[in-house]
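Since this is a predicted model, take the numbers as computed values, not measurements.
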Amino acid sequence: MASAAGHPTGTPHPGYGGTTTTPRTADRKGHGLVTFAGVMLALLALFNGLDGIAAILNSHVFVGNVSLVLGDLQAFGWLMLALGILQAVAAFGVLTKGTEAARWFGVSVLGLNAFAQMFFIPSYPVWSVMIIALDVLAIYGLCVYGGPSSETAE
């Protein structure tokens with residue numbers, strides 16, 4: 001006697017009118033973009049950490065008469081170093097835990113970094129705009145994917 005799925009053994013197979021037994025992949029959608037955003041967070045943490053250390057130590061990386069909107073070069077260096085550390089923590093959270101709290105912490109730190117880079121535009125416009133663009137890409141990756149899918153929420 002045939003089962004309701006139309007197959008004699010009762011195991012649904014494609015082509016017999018039943019459903020397939022393939023695993024659901026809805027929870028994996030966008031996983032690559034979230035991983036990309038986590039790697040971008042780590043890369044931006046490295047960039048900001050190096051910028052901060054170079055500014056604090058008054059190295060020859062920066063031009064002599066740098067014009068900053070607020071503060072001096074050392075204050076900017078400490079800000080960039082602090083943001084770099086926060087970004088490293090966020091990258092670790094996104095890449096290992098992947099929780100919503102880690103993702104939203106990463107979004108907030110990336111937003112702060114993009115805002116801080118706007119103060120550095122008068123001195124190094126190309127570098128600052130490039131970092132802001134990377135921040136926006138990583139924010140996109142963290143905001144669009146990684147949350148609960150519509151199929152699992154039902």
Side-chain angles (χ1 to χ4, degrees), residues 12-14 18-154:
H13 291 284
T19 59
T20 60
T21 57
T22 57
R24 289 177 39 182
T25 58
D27 57 342
R28 301 292 295 170
K29 181 180 181 186
H31 179 71
L33 196 55
V34 173
T35 302
F36 169 77
V39 171
M40 290 306 302
L41 263 167
L43 186 64
L44 287 165
L46 177 70
F47 287 163
N48 285 335
L50 291 176
D51 273 352
I53 290 171
I56 291 169
L57 297 178
N58 290 324
S59 70
H60 299 289
V61 173
F62 298 103
V63 178
N65 294 325
V66 175
S67 61
L68 297 172
V69 176
L70 295 173
D72 60 346
L73 190 59
Q74 272 197 324
F76 180 77
W78 284 109
L79 175 69
M80 287 295 105
L81 187 60
L83 278 172
I85 292 169
L86 289 175
Q87 284 175 330
V89 169
F92 180 77
V94 168
L95 291 174
T96 58
K97 305 272 191 253
T99 62
E100 284 204 42
R103 284 185 24 249
W104 289 114
F105 178 67
V107 167
S108 63
V109 170
L110 287 166
L112 284 173
N113 186 44
F115 186 71
Q117 289 293 332
M118 292 175 68
F119 291 112
F120 206 50
I121 286 178
S123 299
Y124 294 100
V126 175
W127 178 257
S128 295
V129 169
M130 183 188 72
I131 296 295
I132 291 170
L134 293 177
D135 285 333
V136 169
L137 275 173
I139 287 172
Y140 174 79
L142 291 175
C143 287
V144 172
Y145 296 109
S149 65
S150 60
E151 292 180 13
T152 57
E154 294 175 353

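For the side-chain hydrogen bond (donor to acceptor under 3.5 Å, both in side chains) condition, no pair includes a residue of residues 36-47, sequence neighbours left out.
Residues passing the side chain to side chain contact (heavy atoms under 4.5 Å, CB included) test with L43 are M40, F47, sequence neighbours excluded. Residues satisfying the side chain to side chain contact (heavy atoms under 4.5 Å, CB included) test with S108, not counting sequence neighbours, are F105. Under the side chain to side chain donor-acceptor pair (under 3.5 Å) criterion, W104 pairs with no residue at all, not counting sequence neighbours.
For F119 and F76, the gap between ring centers reaches or exceeds 6.0 Å.
Shortest non-hydrogen contact noted between G106 and L41 is CA-CD1, 4.2 Å. Nearest heavy-atom pair, A116 versus M80, reported as atom, atom and distance to 0.1 Å: CB-CE, 3.6 Å.
Atom CD1 of I121 sits about 14.0 Å away from atom CH2 of W127, to the nearest 0.5 Å. One finds the CG atom of L110 at 6.5 Å from the CG atom of L44 (value rounded to the nearest 0.5 Å).
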Side-chain atoms of residues 128-144: list all donor-acceptor pairs with protein atoms under 3.5 Å, sequence neighbours left out, distances to 0.1 Å.
from, atom 1, to, atom 2, distance (Å)
S128, OG, Y124, O, 3.0
D135, OD1, N113, ND2, 3.1
D135, OD2, N113, ND2, 2.9
D135, OD2, A114, N, 3.2

What donor-acceptor contacts under 3.5 angstrom involve side-chain atoms of residues 87-94, with partners at least two apart or in another chain?
from, atom 1, to, atom 2, distance (Å)
Q87, OE1, A45, N, 3.4
Q87, OE1, N48, ND2, 2.8

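Open room surrounds CH2 on W78; 12 or fewer heavy atoms of other groups in view lie less than 6.0 Å from it.
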